[in-house]
Amino acid sequence: MACMARILITSAIPYINGIKHLGNLVGSQLPADLYARYSRARGHEVMFICATDEHGTPAELAAAKAGMPVADYCAQMHEVQKNLGAGFRLSFDHFGRSSSQRNRELTQHFAGQLAEAGLIAEVEERQVYSNADGRFLPDRYIEGTCPNCGYDRARGDQCENCTKQLDPTDLINPRSAISGSTDLEVRATKHLYLRQSAMRDQLREWILSKTQMGGNGQPAWPVLTTSIALKWLDDGDGLQDRGITRDLDWGVPVKKGTEDWPGMEGKVFYVWFDAPIEYIAATAEWADAGGRGEGAWERWWRTDKGAEDVRYVQFMGKDNVPFHTLSFPATILGSGEPWKLVDYIKSFNYLNYDGGQFSTSQGRGVFMDQALSILPSDYWRWWLLSHAPESGDSEFTWENFQASVNKDLADVLGNFVSRITKFCRSKFGETVPEGGASGAREAALAAELETRVRAYEGFMEAMEVRKAAGELRAIWVAGNEYLQAAAPWSVVKEDPEAAAAIVRLSLNLVRLYAVLSQPFIPDAAAAMMTAMDCDDWSWPGEIGAALQALPAGHGFSVPEVLFRKITDEERADWQQKFAGVRN
RNA sequence: GGGCCUGUAGCUCAAUUGGUCAGAGCAGGGCGCUCAUAACGCCUUGGUUGGGGGUUCAAGUCCCUCCGGGCCUACCA
């Protein structure tokens with residue numbers, strides 16, 4: 001490979017509370033996997049990290065609802081999410097847990113460093129405590145009547161009816177959203193704040209430097225990423241300090257490095273402080289799992305220990321952008337230690353479901369487990385990636401899904417493999433035929449593929465997901481165009497050797513398609529490669545050469561149908577099944 | 001309220017710094033082919049780029065305004 005690089009890839013870590021829907025998947029883990037697979041295919045050294053985000057109030061409540069200790073609940077849900085990730089062929093090098101010992105130590109370490117740098121403030125504040133629930137309540141877990149509009153189910157942070165922002169103490173007849181109890185009181189409590197306002201100029205300068213293409217060809221960040229970051233930096237009074245501790249039982253205990261933090265006993269760090277640190281911790285967990293030692297993970301994260309040449313790319317939905325552009329960088333930079341800072345943030349808009357939003361609470365839309373129960377992962381991967389919400393929110397409809405998948409996967413790609421392998425079997429047997437020579441038509445095909453494959457590479461490297469999918473599809477189409485024009489079924493009647501040359505090239509196309517398609521549809525790619533009785537996954541250099549990998553005499557087999565079509569009946573059935581409430 | 005994004009053929013989306021940019025895929029129509037998952041290929045019908053105004057030799061592309069959709073607004077994560 002011309003320039004072998006080391007690429008660190010992280011996907012926003014999914015919250016432990018329940019199974020994620022396709023909108024969550026397409027916004028972070030799936031495109032991250034695409035990029036990881038492509039980068040590996042190009043010969044780069046890749047570290048692809050994800051994890052479950054396990055702390056916070058919702059996890060505690062979900063565990064309580066399930067009647068389980070929160071640690072057990074998280075352990076169980078982690079396994080569920082891990083298995084679903086595997087089901088979608090997400091190729092994580094490690095899928096960690098933010099509740100790991102590694103993350104606990106690192107989070108406490110960062111807090112200690114930040115405190116030493118004078119970037120932590122201790123703030124005495126007053127929060128609502130529910131005696132019945134035995135806990136402090138986050139603002140949004142307090143309900144009451146809105147003093148502005150009279151809506152009786154306003155939340156303590158904002159009234160959903162009139163959108164007025166509220167303070168919990170503004171509510172009339174406040175009650176716990178958890179238990180309904182009105183036995184609430186305001187208690188004084190002390191919390192730590194990350195003084196990110198002190199780093200505002202430094203952060204702004206950094207963000208602004210990413211709004212334009214950098215030196216060494218680094219692309220500018222998506223507008224979505226930088227606009228959200230700048231908004232938070234400059235909106236109103238500017239970047240606000242953020243509380244990074246909570247009065248909860250479940251989480252990373254507040255410590256200053258390895259020392260106790262006087263006055264902070266019984267408190268834990270806020271999930272959004274420890275969650276991004278888990279990217280680092282999960283890499284350490286990976287090293288631990290393989291008995292690799294400290295240096296193995298530090299060379300990805302410590303610029304003083306080998307990470308200076310690492311390219312770090314993050315993937316996330318737009319709701320996660322503030323934490324990745326501001327809070328986490330403030331943590332990294334503020335530590336005063338040589339940790340690796342992100343180089344590129346790829347953010348996504350939302351995927352909507354059939355005219356509305358996917359909704360976890362309402363069970364609206366398709367969830368990861370349900371998706372896999374009705375179709376193999378490649379179908380979903382292809383549709384989701386080829387319709388990734390890059391320029392704006394996009395929409396999933398069953399009609400579009402059926403049409404796209406049937407056309408692209410079954411007709412264009414699957415049928416190509418089917419027609420050429422079956423034709424060869426009937427005329428030449430299940431062996432790459434010999435004889436004949438390639439001519440102008442073959443040269444033209446190679447030239448077109450040369451152009452398209454290079455374009456595909458460019459889109460993949462730029463993480464232009466939709467465009468990459470479009471180019472890949474065009475590469476598949478080129479095979480059908482070639483076959484149609486070459487018409488070996490006619491040629492074979494007068495000139496079997498000429499037909500043999502056409503077939504030989506076409507069978508090589510199947511192998512080439514396997515290599516090129518693998519990042520999008522890994523299972524089908526593997527099936528194609530297996531059918532060609534080959535294991536040469538090397539990325540194509542000069543296309544003419546790549547189309548000679550399978551020599552005359554090489555055995556192959558006709559594969560099962562790669563993609564069956566989705567019927568109208570199935571579509572209608574699923575449409576109805578997933579419209580309503582889950583379960 | 002404020003901010004950001006978005007509105008391009010029936011559908012999903014493209015169009016470097018304003019200058020053949022009005023395009024692609026799907027759907028629709030016609031023709032061809034028969035190796036193949038009734039698949040494939042070729043040709044083709046669709047748009048005064050949400051409405052209106054402005055700047056410019058030239059505007060989906062910049063400005064203003066109106067209408068529509070979405071998101072964010074810091075204690076859900």
Side-chain angles (χ1 to χ4, degrees), chain A residues 12-17 53-59 61 125 127-128 136-142 155-158 163-165 167-168 191 196 222-224 226-228 230-232 234-237 239-243 246 270-272 275 317-323 326-327 349-350 352 357 360-361 386-387 389-395 397 399-400 403-404 406-427 466-467 469-470 473-474 477 479-490 492 499 502-503 506 558 560-565:
Chain A
I13 65 178
Y15 197 63
I16 194 70
N17 179 17
D53 179 11
E54 305 190 1
H55 297 315
T57 306
L61 298 180
E125 53 189 22
Q127 292 202 336
V128 174
F136 281 93
L137 297 177
D139 290 356
R140 67 159 34 204
Y141 284 102
I142 302 162
R155 291 191 323 215
D157 55 344
Q158 183 175 31
T163 75
K164 183 177 176 61
Q165 293 193 42
D167 186 275
H191 282 295
Q196 44 189 22
V223 173
L224 185 65
T226 53
S227 65
I228 291 173
L230 292 172
K231 167 69 169 20
W232 281 56
D234 297 320
D235 188 46
D237 300 328
L239 185 60
Q240 302 296 298
D241 292 339
R242 177 178 280 275
R246 292 291 184 275
Y270 175 45
V271 285
W272 265 114
K318 57 186 169 185
D319 51 332
N320 278 336
V321 169
F323 304 102
L326 304 170
S327 311
N349 287 282
Y350 291 146
N352 290 318
Q357 292 185 17
T360 301
S361 58
S386 61
H387 294 78
E390 291 176 299
S391 57
D393 290 350
S394 63
E395 176 154 315
T397 63
E399 289 85 353
N400 189 299
S404 296
N406 284 355
K407 191 67 186 175
D408 299 346
L409 297 180
D411 296 346
V412 175
L413 176 62
N415 183 55
F416 173 79
V417 174
S418 189
R419 67 194 295 204
I420 189 57
T421 53
K422 287 181 179 174
F423 177 77
C424 185
R425 180 175 61 184
S426 74
K427 302 299 178 189
R466 285 182 177 214
K467 290 181 180 175
R473 185 187 189 284
V477 167
N480 282 310
E481 290 174 344
Y482 168 74
L483 256 196
Q484 197 64 35
W489 48 88
S490 298
V492 73
I502 295 167
V503 171
S506 299
V558 174
E560 294 297 307
V561 166
L562 284 179
F563 297 98
R564 71 170 185 81
K565 293 204 190 192

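Side chains are part of it too, since the values below use all heavy atoms of this structure and drop only hydrogens, waters and symmetry mates.
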So [Y] and [X], do their side chains get closer than 4.5 Å, heavy atoms only?
| X | Y | result |
| --- | --- | --- |
| A:Lys407 | A:Arg473 | yes |
| A:Leu483 | A:Pro488 | yes |
| A:Val412 | A:Asn480 | yes |
| A:Ile502 | A:Phe423 | no |
| A:Ser506 | A:Tyr482 | yes |
| A:Glu395 | A:Thr397 | yes |

In whole Å, measure the gap between the [atom1] atoms of [N] and [M] for me.
| N | M | atom1 | answer |
| --- | --- | --- | --- |
| B:A24 | B:A14 | C1' | 7 Å |
| B:A59 | B:U20 | C1' | 15 Å |
| B:U48 | B:C43 | C1' | 27 Å |
| B:U44 | B:U55 | P | 40 Å |
| B:G60 | B:C21 | P | 13 Å |
| B:U34 | B:U16 | P | 43 Å |
| B:A38 | B:U17 | P | 45 Å |
| B:G25 | B:A9 | C1' | 12 Å |

Syn or anti for B:G60, please, going by whether the chi angle lies within 90° of 0.
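Syn.
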Taking syn as within 90° of 0 and anti otherwise, name the glycosidic form of B:G29.
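Here the answer is anti: the torsion falls beyond 90° from 0.
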Integer-rounded Å distance: [N] [atom2] and [X] [atom1]:
| X | N | atom1 | atom2 | answer |
| --- | --- | --- | --- | --- |
| A:Ile228 | B:U6 | CD1 | P | 12 Å |
| A:Asp319 | B:C72 | CG | P | 7 Å |
| A:Trp232 | B:A74 | CH2 | P | 7 Å |
| A:Glu390 | B:U6 | CD | P | 13 Å |
| A:Asn349 | B:G70 | CG | P | 14 Å |
| A:Leu224 | B:C4 | CG | C1' | 9 Å |
| A:Leu483 | B:A39 | CG | P | 17 Å |
| A:Leu409 | B:A39 | CG | C1' | 14 Å |

Return no unless some side-chain N or O of [X] is found under 4.0 Å from OP1 or OP2 of [N].
| X | N | answer |
| --- | --- | --- |
| A:Lys318 | B:U73 | no |
| A:Tyr270 | B:C76 | no |
| A:Arg419 | B:C40 | no |
| A:Lys231 | B:A74 | no |
| A:Lys565 | B:A39 | yes |
| A:Arg155 | B:C76 | no |
| A:Arg473 | B:C26 | yes |
| A:Arg140 | B:C76 | yes |

Proximity to the side chain of [X] - top-ranked nucleotide from [options]:
| X | options | answer |
| --- | --- | --- |
| A:Pro58 | B:A74, B:U37, B:A77 | B:A77 |
| A:Tyr141 | B:G41, B:C76, B:C13 | B:C76 |
| A:Lys467 | B:C75, B:A77, B:A15 | B:A15 |
| A:Asp53 | B:C75, B:G2, B:A77 | B:A77 |
| A:Glu481 | B:A74, B:A77, B:G41 | B:G41 |
| A:Asp139 | B:G2, B:A77, B:C75 | B:C75 |

Return the pairing partner of [N] with a 3.5 Å limit on both distances, Watson-Crick or G-U wobble; otherwise return none.
| N | value |
| --- | --- |
| B:A15 | none |
| B:A39 | none |
| B:U20 | none |
| B:G28 | B:U44 |
| B:C4 | B:G70 |

Rounded to the nearest 0.5 Å, how far does CG of A:Leu409 lie from CG of A:Asn415?
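Output value for this atom pair is 12.5 Å.
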Would you mind classifying the nucleic acid contact of [X] as base, sugar-phosphate or nothing, using non-hydrogen atoms under 4.0 angstrom?
| X | answer |
| --- | --- |
| A:Gln127 | base |
| A:Glu560 | nothing |
| A:Val503 | nothing |
| A:Phe563 | base |
| A:Ser418 | base |
| A:Val561 | base |
| A:Gln240 | base |
| A:Leu562 | base |
| A:Asn415 | base |

Mapping A:Trp272 and A:Asp408 to their closest nucleotides on RNA chain B, which lands nearer the 5' end?
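Comparing both residues, the 5'-ward one is A:Asp408.
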Relative to the 5' end of RNA chain B, which residue comes earlier, A:Asp241 or A:Ser386, by the nucleotide with the nearest heavy atom?
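Here A:Ser386 is the residue nearer the 5' end.
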Please confirm whether the backbone N or O of [Y] pairs with a side-chain atom of [X], one donor and one acceptor, at under 3.5 Å?
| X | Y | answer |
| --- | --- | --- |
| A:Tyr15 | A:Ala59 | yes |
| A:Arg140 | A:Arg155 | no |
| A:Ser394 | A:His387 | yes |

A:Trp489-B:C35 aromatic stacking (under 5.5 Å, under 30°):
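Stacking between A:Trp489 and B:C35: present.
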